[in-house]
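Structure record follows, encoded as structure tokens.
Note that these values count all heavy atoms, side chains included, but never hydrogens, waters or copies made by symmetry. Per chain, numbering begins at 1; letters A, B, ... match sequence-line order.
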2 protein chains.
Amino acid sequence: MTTIGKVTSLDVAKRAGVSRSAVSRVFTPGASVSPRTAEKVREAAEALGYRPNVLARAMLTGKSKIIGLVVAYLDNHFYPTVLELLSAALEREGYHVLVFMASHTADDIGDVVSQILDYQVDGLVLASVALSSDLADRCRASGVPVVLFNRKLETEGEFAVVSDNRMGGRLAAEHLIALGRTRIGHIAGWEGASTQRDREAGLMEGLRAAGLGLFAREVGDFRLPRAKDAARRMFDTDQRPDAVLVANDYMAFGVMDVLRAELGLSVPEDVAVIGFDDVPSAAWPAYSLTTIKQDAEAMVSATVNALMSEIGGTEVVSPDPLPVSLIRRHSA
Amino acid sequence: MTTIGKVTSLDVAKRAGVSRSAVSRVFTPGASVSPRTAEKVREAAEALGYRPNVLARAMLTGKSKIIGLVVAYLDNHFYPTVLELLSAALEREGYHVLVFMASHTADDIGDVVSQILDYQVDGLVLASVALSSDLADRCRASGVPVVLFNRKLETEGEFAVVSDNRMGGRLAAEHLIALGRTRIGHIAGWEGASTQRDREAGLMEGLRAAGLGLFAREVGDFRLPRAKDAARRMFDTDQRPDAVLVANDYMAFGVMDVLRAELGLSVPEDVAVIGFDDVPSAAWPAYSLTTIKQDAEAMVSATVNALMSEIGGTEVVSPDPLPVSLIRRHSA
DNA sequence: GTCCTCACTGCATGCGTTTGCAAAACAGTG
DNA sequence: CACTGTTTTGCAAACGCATGCAGTGAGGAC
């Protein structure tokens, strides 16, 4: 019996011969309703096709059951994976994800966040976007829990879920060194990102421990074309590195393309390549990219737990960085 | 002056010495307000950090400014691209995207759609999900414009934006034939999808026009592992095809992996491979996949136009399928 | 100066819910 | 049956905003 137009709790109430409150209670888990009226209401609701209006409920309770996600890159396959995981995990908790694309320019993030807050989101996750500290203040002032995903702020206070990027960089260094490589280069991501800085710091640490220094360095800004340019600059020369750590898998694919298709070098014989993230396509034979794996599931899980706790009123503090691991494939 | 907690239009009104209506009107484009009060209000709002509550406005006006998107696959890079485009385009119109993951099982789509409708979305786009016709009815009954993306329903009536998949299949066939290939196979996607059926129909049409038939056929269901299995079945034999049209790029990558890495065949010498979609990674040299390009921008643009029109009250009818084109690279 | 017009403004109502409070129903006890 | 304790239920008041309607004032025409 599909009814056109809005059917409200009042309609259901009338049909079931009860009050609006009664029908509201039937749809509120844990409210006091007799089985008999519950039955009547459910029946009427079914017949009319009634479902509570989430927005109206949101107004009253202040809980919208929506989580804002702002994300900058979707071309880097790591983030679609995260989105899929995150959305699924939140759905399990009764929440849904409102997506906001942050243009790559960093300064309109303020606008974006404002827009999100207009929707009265119950939580906010900022994936791979830099959050200025006054913006962080604004969020906190609005009382919305925010978690930084894959980025952390130097100033403590914001909840951030990150992998142990430093350890990742170190693992990469150690692996390359164990392979006998000595001229090790680094193609960096955007230098404003903590993620980048930590990965590079770990790399340097590992090199230093073996008495080595960085052989070459270029910046790829986490963007594919820039990464390819960086690779050209770094490798189209006589004195080239025999190994390179690229700041993420996505850029690493571009680097490998340049190496093999443009410069005729072979990986790993001429140059060993290590990426970071372990996106699904890193396992594809065409690249078979050795990489430092970030555990996306664990990261998402930490994110969701934090959100749920904070929404529940529990103050929560950033956990230790999540463990990473070296995935050995054929590129190094 | 960051104020903690909610600041409502009443707060602003008080501070500006006007009524709530006035501040409401200031934030409603096209309402009648004198420049002087507008100024006062804007100032007060600024000072208090006031922004209208979208949800409250939604209740009153019935327009939530949110569009629901249900999407099944995010591992196929075509859809992240679409999401990014769609979100950006809708943001330009003042809308935002609420994402719902449809598990791959087809039957819980009903639940998902119900949940979406609970949020009073202004529109609904179903990307790559099959919509049963009674579900379509429910959507229409709720008065929410829905557009099917990259799928169409045999029964007219739903707005669907699709490429000219049939033509695409035909172009692929013609190209392979022009290349002198005669033993042409097809690795199909999920057979319940109109997209699949149309692509295959086009392929058959093209073959028939050249007096050929399909040399081999397997089903890959739009999933990577299935596609690889399909490739193994099709090619691990003496009598193998010398060309194959794979129903989308994502599967084509898997097929190429099997061909080259597992079976030691070379592409295109031993087997020519054509994909469908032209996802960004199809251009990567490691695959250099010849493919039939779907114009994602045009598809998104058509989607947004349709939504905006329908929301504006204009009944709108499905356009012709959008043009596709053959992108020649090295895999065929 | 009077009257009319018109641009503004405030009041009050309503959007579809939830929820504290108090009345009502019910069950149990002596 | 009277009385108490426990559910269950309805009333009414929010939540934050938009908007029709009536009213205020200013400006123009005569």
Need to verify one output field. Residue with the more 5' nearest nucleotide on DNA chain C, B:Ala38 or B:Leu60?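 Looking at DNA chain C, the more 5' nearest nucleotide goes with B:Ala38.
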Closest-nucleotide 5' rank along DNA chain C - winner of A:Asn53 and B:Ala22: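 Residue closer to the 5' terminus by nearest nucleotide: B:Ala22.
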How long is the gap from [atom1] on [X] to [atom2] on [Y], to the nearest 0.5 Å?
X: A:Asn305; Y: A:Glu310; atom1: CG; atom2: CD; value: 12.0 Å
X: B:Glu93; Y: B:Ile311; atom1: CD; atom2: CD1; value: 9.0 Å
X: A:Leu83; Y: A:Leu69; atom1: CG; atom2: CG; value: 6.0 Å
X: B:Leu74; Y: B:Met101; atom1: CG; atom2: CE; value: 5.0 Å

Figure out the [atom1]/[atom2] separation between [X] and [N], and round it to whole Å.
X: B:Asp11; N: D:dG16; atom1: CG; atom2: P; answer: 9 Å
X: B:Leu117; N: C:dG16; atom1: CG; atom2: P; answer: 16 Å
X: B:Lys40; N: C:dT9; atom1: NZ; atom2: C1'; answer: 11 Å
X: B:Gln120; N: C:dG16; atom1: CD; atom2: C1'; answer: 9 Å
X: B:Arg51; N: D:dG16; atom1: CZ; atom2: P; answer: 17 Å
X: A:Lys63; N: C:dT17; atom1: NZ; atom2: C1'; answer: 16 Å
X: B:Arg25; N: D:dA18; atom1: CZ; atom2: P; answer: 10 Å

Considering only side-chain heavy atoms of [X], which listed nucleotide, [options], is closest?
X: B:Met59; options: D:dT19, D:dG16, C:dT17; result: D:dG16
X: B:Thr61; options: D:dT19, C:dT19, D:dG16; result: D:dT19
X: A:Arg20; options: D:dA18, C:dG20, C:dT17; result: C:dT17
X: B:Ser21; options: C:dG16, C:dC11, D:dT8; result: C:dC11

[X] near the nucleic acid: base, sugar-phosphate alone, or nothing, with a heavy-atom cut-off under 4.0 Å?
X: B:Ser34; value: sugar-phosphate
X: B:Ser32; value: base
X: A:Val33; value: sugar-phosphate
X: B:Arg36; value: nothing
X: A:Phe27; value: nothing
X: B:Thr8; value: sugar-phosphate

Quick check on [N]: is either OP1 or OP2 less than 4.0 Å from any side-chain nitrogen or oxygen of [X]?
X: B:Ser19; N: C:dC11; value: no
X: B:Thr37; N: C:dC8; value: no
X: A:Tyr119; N: D:dG16; value: no
X: B:Arg57; N: D:dC17; value: no

Looking just at side-chain N and O atoms, do B:Ser194 and B:Arg151 make a donor-acceptor pair shorter than 3.5 Å?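 No - no donor-acceptor pair under 3.5 Å links their side chains.
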Parallel, tilted or perpendicular: rings of B:Tyr119 and A:His96 (30°, 60°):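 A:His96 vs B:Tyr119 ring planes: perpendicular.
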Can you say whether the rings of A:Phe78 and A:Phe149 are parallel (under 30°), tilted (30 to 60°) or perpendicular (over 60°)?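 Tilted: the ring planes of A:Phe78 and A:Phe149 meet at 30° to 60°.
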Please report the end-to-end axis angle for the helix from C:dG1-D:dC30 to C:dG30-D:dC1, five pairs per end, rounded to 10 degrees.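 The helix from C:dG1-D:dC30 to C:dG30-D:dC1 shows an end-to-end axis angle of 40°.
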Verdict with supporting geometry, A:Arg223 and A:Asp75, side-chain contact (heavy atoms from CB on, under 4.5 Å): CA-CA 9 Å; A:Arg223 317 285 338 161; A:Asp75 43 0; 3.1 Å; yes
